[in-house]
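Data block below; observations after.
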Amino acid sequence: MRGMLVVLIEIKNLSFTYANTEEPAIKNIDLTINEGEFVLLTGPSGCGKTTLCRCLNGLIPHFYNGEMEGDVIIDGLNTKEHPVYELAQKVGLVFQDPENQLVSLNVEKELAFAPENLGLPREEIRKRVEETLQLLKIEHLRHKAPYELSGGEQQRVAIASVLTLKPKILVLDEPTSNLDPKGAEQVLKTIKKLNEELNVTIILIEHRLDLILPYTSRVVLMDKGEIILDAPPYEAFCSSIPEEIGVDVPVSIKLYNELLKIGMKFNKVPLSTKDAAELLTEVLK
């Protein structure tokens, strides 16, 4: 229930060093995420974002070899003590390239694949597939092969394929990177719908900040394997820290900051180009 803070992710003093490397990919991570949050995880390339996400569904430490210190608790389960298939029912992970995630002959079979592997009853599988097709509005794609789909359609099917496990948390690693602006917006609206209507907790790795920022409630900024900033979007990008570490500040906030320098005052920070256009309209009156 919204309004009640329910901790879904609790990370305590987490560090991980991949096998055959000397430097940790992530270090000293302490992070708590509540049910229903929409978190943007960003930072320069190579800062540890993807490694952190692999820790959330147990790929680290169960699949990737290396040295892990600290604990990751997902909805009460310590990832060290529970297998990946069990954690997959808590955390759905959607990769950057959906083609790497789609393995079946058509969309309907793709959505059934994960619950079939868990041995769920046939009627329950059919029910989950139908519900997910309707939720993401992809019923018309059910008999199509993955290679017949557009990039945006593939990404929505990849999201649907993990939703049939009914995870409380959805982690997406740059889901719009290979999409045009229209396709990206459709995918982001789908993700926001899951967050608002089903209270799915969203953790999104993304560099296209102008597109994603209006959807988020919180920004976690990483650099050199550590979390260096955790704040609401407007506060995170009005700070000097993003630019100092090489993260692009959205155009809307750059405009806002420049107008502040010449003494103008505004009621809110624009998080999108639409907000910025309204801001300019107000300035030019």
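- There is no path of hydrophobic side-chain contacts, each under 4.5 Å, that joins Leu93 to Ile191.
- Taking each heavy atom of Pro270 and Ile253 in turn, the nearest pair found is O-CG1, 3.4 Å.
- Residues Lys189 and Lys192 have side chains not in contact (no heavy-atom distance under 4.5 Å, counting atoms from C-beta outward).
- Glu86 CD to Asn57 CG: the interatomic distance, rounded to the nearest 0.5 Å, is 13.0 Å.
- Ala276 and Ser252 get closest at one heavy-atom pair: CB-CB, 3.8 Å.
- Comment: Glu130 engages Arg142 in a salt bridge, judged by a side-chain N to carboxylate O separation of less than 4.0 angstrom.
- At least one side-chain heavy atom of Ile33 sits less than 4.5 Å from a side-chain heavy atom of Arg218.
- At a threshold of 4.5 Å between side-chain heavy atoms, the hydrophobic network of Ile, Leu, Val, Met, Phe, Trp and Tyr places Leu56 and Leu172 in two separate groups.
- Atom CG of Leu105 has 12 or fewer neighbouring heavy atoms from other residues, nucleotides or ligands inside a 6.0 Å radius.
- Using a 4.0 Å cut-off between charged side-chain N and carboxylate O, Lys254 and Glu258 make no salt bridge.
- Linking Ile, Leu, Val, Met, Phe, Trp and Tyr residues whenever their side-chain heavy atoms come within less than 4.5 Å places Ile241 and Tyr234 in a single cluster.
- Ile212 and Val247 end up in the same hydrophobic cluster when Ile, Leu, Val, Met, Phe, Trp and Tyr side chains are linked at under 4.5 Å.
- Under a cut-off of 6.0 angstrom, the local environment of CG in Asn20 is sparse, with at most 12 non-hydrogen atoms contributed by other residues, nucleotides or ligands.
- In the hydrophobic clustering of this structure, Phe237 does not group with Leu41; members are Ile, Leu, Val, Met, Phe, Trp, Tyr whose side-chain heavy atoms approach within less than 4.5 Å, directly or through other members.
- Shown here is Glu67, whose CD atom has no more than 12 heavy atoms of other residues, nucleotides or ligands within 6.0 Å.
- Side-chain contact annotation: Tyr64 with Thr51, donor-acceptor N/O pair under 3.5 Å absent.
- More than 12 heavy atoms of other shown residues, nucleotides or ligands fall within 6.0 angstrom of atom OH in Tyr18.
- Using a cutoff of 4.0 Å between basic side-chain nitrogens and carboxylate oxygens, Glu23 and Lys224 are not scored as salt-bridged.
- Between Glu131 and Arg128, no side-chain nitrogen of the basic residue sits less than 4.0 Å from a carboxylate oxygen of the acidic one, so the salt-bridge criterion is not met.
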Stepwise side-chain contact (heavy atoms from CB on, under 4.5 Å) check, Leu52 with Ile205: CA-CA 10 Å; Leu52 178 56; Ile205 297 177; over 6 Å; no
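- Side-chain contact between Pro146 and Val107 is absent, with no heavy atoms from C-beta onward closer than 4.5 Å.
- In this structure, the side chain of Lys49 engages the main chain of Gly43 through a donor-acceptor pair within 3.5 Å.
- Judged by distance alone, with hydrogens and angles left aside, the side-chain atoms of Gln101 form a donor-acceptor pair with the main-chain N or O of Phe95 at under 3.5 Å.
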